[in-house]
Structure formats: structure tokens, C-alpha cells
Amino acid sequence: MAKSAPLPGTADIFPAEARAWRFLEETGRKVFERYGFGELRTPVFEATEVFQRGLGDETEVVQKEMYTFEDRGGRSVTLRPEGTAGVMRALLNTDVLNGVEQRVYYTGPMFRGERPAAGRRRQFHQIGAENVGRVAPELDAECIAMLLDFLGELGLSDAVLKLNTRGVATDRPAAAAALKDYFSRHLDVLCDDCKKRLEGNVWRILDCKQPACREVIAGVPDYAGMFSAESRAYFEEVCRRLDWLGIRYEIDPFLVRGLDYYVHTVFEITHAGLGAQNAVAGGGRYELLLPGESKPVVGVGFAAGMERLLMARESLGLTAAAPELSMVFVAALGDRAEEFKVKFAQRLRHDGVAVMTEPAGKSLKAQMRAANRVNARIAVIAGDEELARGVAVLRDLGSAEQREVGLAELAQAVRDALGC
RNA sequence: GUGGUUGUAGCUCAGUUGGUUAGAGCGCCUGGUUGUGGCCCAGGAGGUCGCCGGUUCGAGUCCGGUCUCCCACCCCA
């Protein structure tokens, strides 16, 4: 049991693991910038209304998962439960409402007050991208293509893409009425949650996992077929463009995302080996109405769960490349040598070399053990005796070969030995 | 939020039907080499047995509570 554990659903990420995280972030940056996206960093907390209005009061996230509190000025603020709303708030300061496109990506912690489980934390991390300001099927397709490129570079090309359309606001009343009518006729079989959803949000019944509900859901009417011709054409065009790119997808009429802001295209990427939470990424096209605005911000984007991406990579045995080993260890014996150790180590570091030493007073054996522990490639051993003769020992810890080098050439000799 | 499960050294774990000073492996420290790492050998440091309470002559072992881990539901990334 950890002496000093972080709060439930949060985690400390130590250096070895942080390397894997950095790999994810760097891969994301590389891929997203190829599509013309730039990083946008927004605050981790926002005025509560940003999420309430942005995500919709109906959503589960807003209703019971937000970390909301009053700050010292009595304002209600909320730790961001997702990235899109804050990004949209920030982009209101650009011309997006006039149709000028903004392409941004973000990464960082998100907060949701849920019970932790496999692939689910209270502080979790997402990396996501948003193409904001314009509406076009090709932007949706490009967004999906970019996400798949990212996953591919992570070694996750076996992920599965599911796709669906939610139509637009004016398409929904008729479709929702049809669904409601259908489900009311099977009310007796539906689970309690679904009975509530029938009144609150019929769409959510579509992704219920209860076996009894699933049977009813399987016979659901073709609601997408009731959408307007424009909406259907939009979705067909997205699919056509994915076909052009050879992207494989599965149209899943039961895919509804939990956030209310989605319109038209919605998608989800799942990966095997993750437990019950098998979605590594999700997204779609959206319209967000933010506080103080009469017009919604439009865009298409996705968010990927970094913990889940890492889990997926782990399930495949993929690990981030270990850093190149180029550590130099400086060992000293004697008072004069101690001063040399400190100065020489500093000099090498200023030359861009990674250097470690042990505190004074350790035996040479202990210093060499430390050199081995930190995986040093070469050791510089300086004793008063050598220094008096104007030399120091340069030892290759791989081959165990060593030689004396004049102090004037020592720094260069170390760099040569490292090949830099 | 509801359920199930777990909790002994820095890490991974043993610990017999409750019985004296709680163990192993790895890691760490020291020594075996007046000044040379990895391997080996010897020694050492390190634990209020998650926490609180109860039963008992006696609790790491039993009981209750609580917290936590992990997992499922739920929700979603």
C-alpha cells in the first residue's frame, strides 16, 4: 500500500512512464501539424456556464460528473470535463463565427467525478483536434483520416472505426417521435434507465447495453432515413470521401454520443484489449452555443483518451523507445579531485553532455556502482594522484577499457567517446 | 453514484487450525579489492501487517466499520 497515494482516480506518472506519454504527444503534434493544425492551450477551468451551455444541461457529464466549485470571488467555476467547450470559448476571439476556419489541437488533463475503473480516471488526459468555423463533408472525412493517421503512427491501425449520422436539429423531432413511438410499444421490456430516457433523451436508448433492451433496439425503425435529403447527402458524401482514402468504417445506427452538441457525423474508435471502456477516441461534427452568443460555433473534431491509447499500445506489447544512453559519470578520489569533479561535471553539462556524480566521501567502488546504476556509458575517474600528473582516467563502461587522458584534452575525449 | 474484490518492506509476494523478536526474492547500503561498476559471496538498513474499534490471556490471522486498489454497472476518452 502506497504510503502517500494520490487521490482516487488520479495518478502520479513517473519518469519511465512519462516517456510513453511524451511519445504520444509528440506523435500527435507531428501528425496534426501535417494537416495544418496548431496547438491551442486553454485553461483547465472555465466558468461553469461554458460547459453547461456548451455541452447541454441534459448531458450526464454536466448533470453529475463535473468538478464545480466557487472560487474566492464567488464565481462558479468548473474543472474542464472535456476539451471542446473551452476551445470554442477561446476561438470566439477569432473570426470563426464569420466562417473563417481555425485548425487547432490540444492536449492535457480533463476531470470527471466518476467511480474509477479500467480505462477510466477522475483526472484523465485527452489529445484532440478541432476544425472550427466551416461546414463541409470533406472536413469531417479529413478529420477522421487525420485521427487514423495518428493511431497508425502509434501502432494502432487495428482499431475499428464506427460511424453514424445524427442529422441536424430540424431532422430530429420527426425521427425522435418515431423512436419514441417504437420504444413505447416495448416499454415492458426496457430497463429502468431506458424508461427514463424515453422521456428525457430517446436517442440514448440506442446505446443501452442491457441484453433485454438490445433486443428491442435491434428492431428500431430506420430513423436516419427520415432525415432531410440534405442531411442524408451530407453523410453520404462523408462516406464517399472516406472510401476515396481507402478508410474502412462500419456504419453503426446505434452509435450516439453522450454529448448533445453533435450534428451530422459522429464516430467512435474502439480497440481490443481495453476492458469495458474500449473506446480510444470519439468525435464528430458539432454546433456549440456558448454563453452570451446567439449563434453556435460549428466544427468537427475528436478527442482521444491518452490513458486508453497507452493501454492499447501496451496490450500489443508496444513500448516507447528508450532514450539514447549517453550519460557520463565523474568519480573523484581526494580533496583536490573533489573540486575537479564538480567543475568538470559542470563544464561537460555546459557542453550539452549528461553528467552524474555521487556526493563526496563515497568509495570509488560505491561511485562506480552508482555509475552502473544510472546506466552511464563512460566514467571519468580522477584521483589526486592522476591530477598531480595532469591526467585523469577515461573508462568505457561497456567494454571496460580505460586509459589516461591529459586534462587539456579530456573534455574533447569524452565527447569523442560519446560520438558527439 | 451502485455492486464485487484487494490491502504485509521501495517493488512483487509468502505468512500454516489466532501463540514469543513478521519472512523471501528483487532493489538499496557496507564489506570481500590503500583507488574501479555489472557476476558471485558475506553482513546490514528498511514494516505502527491500510486505518479505527471489537472478541480473546494473546490478533497480520476472527468480527464490525471505514478508507483505498482493481473490476463490473453506469458514463464516456
Side-chain angles (χ1 to χ4, degrees), chain A residues 1-11 14 24 55 59-66 80-84 107-128 147 151 159 191-194 196-197 204 207-210 255-259 266-271 274-283 301-312 327 329 331-334 337 358 362-386 392-402:
Chain A
M1 186 59 214
K3 227 173 273 177
S4 186
L7 286 172
T10 67
F14 280 80
L24 280 191
L55 312 196
T59 60
E60 212 94 13
V61 170
V62 170
Q63 278 179 2
K64 45 190 208 194
E65 295 176 359
M66 297 206 301
R80 61 181 183 196
E82 56 92 61
T84 304
T107 177
M110 306 293 162
F111 306 86
R112 255 119 99 158
E114 306 176 277
R115 192 82 162 260
R120 195 175 71 186
R121 319 251 75 155
R122 289 183 174 166
Q123 174 175 335
F124 62 104
H125 301 76
Q126 291 188 331
I127 183 162
L147 172 57
L151 296 175
C191 69
D192 290 348
D193 283 336
C194 284
K196 277 181 225 147
R197 288 170 183 144
R204 299 303 311 286
D207 68 354
C208 181
K209 286 180 198 134
Q210 298 297 322
L255 173 66
V256 280
R257 321 250 40 253
L259 275 10
V266 289
F267 55 89
E268 196 168 280
I269 308 252
T270 57
H271 193 276
L274 294 189
Q277 271 73 232
N278 65 349
V280 291
F302 64 81
M306 297 181 72
E307 283 83 355
R308 294 186 191 176
L309 291 174
L310 254 14
M311 285 167 71
M327 182 68 74
F329 194 92
L333 284 159
E358 274 287 274
K362 293 283 192 176
S363 67
L364 181 57
K365 178 178 183 151
Q367 293 184 74
M368 293 304 290
R369 246 202 304 261
N372 194 59
R373 193 175 53 239
V374 301
N375 229 331
R377 212 161 97 194
I378 60 182
V380 171
I381 303 167
D384 286 348
E385 184 219 305
E386 285 90 351
V393 173
L394 183 65
R395 180 179 176 87
D396 184 312
L397 292 171
S399 65
E401 280 165 18
Q402 64 181 52

Ignoring hydrogens and angles, does a donor from either the side chain of Gln277(A) or the base of C74(B) sit under 3.5 Å from an acceptor on the other? yes
Would you say the base of C76(B) and the side-chain of Arg308(A) have a donor-acceptor pair closer than 3.5 Å? yes
Go ahead and name the base partner of C62(B); Watson-Crick or wobble counts if both distances stay under 3.5 Å, otherwise write none. G54(B)
Could you tell me whether Glu307(A) and Arg121(A) have a side-chain N and a carboxylate O separated by less than 4.0 Å? no
Checking U33(B), C76(B), C74(B) against the side chain of Lys365(A) (C-beta onward), the nearest is U33(B)
Counting only side-chain heavy atoms from C-beta out, which of A77(B), G35(B), G37(B) sits nearest to Ala400(A)? G37(B)
Touch class at under 4.0 angstrom, heavy-atom based, for Arg257(A) against every strand present: sugar-phosphate
Return yes if some donor-acceptor pair links the side-chain N/O of Asp384(A) with the main-chain N/O of Ala337(A) below 3.5 Å, else return no. yes
What's the closest nucleotide to the side chain of Ala276(A) if the choices are A77(B), G35(B), A72(B)? A72(B)
For the backbone of Arg115(A) and the side chain of Arg120(A), can you confirm whether one donor and one acceptor N or O come within less than 3.5 Å of each other? yes
Please state whether the base of A77(B) and the side chain of Arg120(A) form at least one donor-acceptor pair under 3.5 Å? no
Looking at G43(B), which nucleotide sits across from it as a Watson-Crick or G-U wobble partner, both distances under 3.5 angstrom, or is there none? C29(B)
What's the closest nucleotide to the side chain of Lys64(A) if the choices are C74(B), U36(B), A77(B)? C74(B)
May I ask you to verify whether the side chain of Gln402(A) and the base of U36(B) hold a donor-acceptor pair under 3.5 Å? yes
Of Ala382(A) and Glu307(A), the one whose nearest nucleotide on RNA chain B sits closer to the 5' end is Ala382(A)
Check: Gln367(A) side chain, Lys362(A) main-chain N or O, donor-acceptor pair, under 3.5 Å: yes
Counting side-chain heavy atoms from C-beta on, which of C29(B), C71(B), U36(B) comes nearest to Arg373(A)? C29(B)
Check every strand shown and say whether Glu386(A) touches a base, only sugar-phosphate, or nothing at a heavy-atom separation below 4.0 Å. base
Rounded to whole Å, the CD-C1' distance (Gln367(A) to U30(B)) equals 15 Å
Let me know, please, whether Asp384(A) or Arg204(A) comes out on the 5' side of the other along RNA chain B by nearest nucleotide. Asp384(A)
Using a cut-off of 4.0 Å on non-hydrogen atoms, how would the nucleic acid contact of Glu114(A) be classed: base, sugar-phosphate, or nothing? base
Backbone N/O of Ala118(A) and side chain of Gln277(A): donor-acceptor pair under 3.5 Å: yes
Between G37(B), G31(B), A77(B), which nucleotide gets closest to the side-chain atoms of Ser363(A)? G31(B)
Using whole Å, report how far CZ of Arg395(A) lies from C1' of G37(B). 7 Å
My understanding is that a pair needs two contacts under 3.5 Å, Watson-Crick or G-U wobble. By that rule, which nucleotide pairs with A9(B)? none
Measure CZ/Arg115(A) against P/U2(B) and give the value in whole Å, please. 6 Å
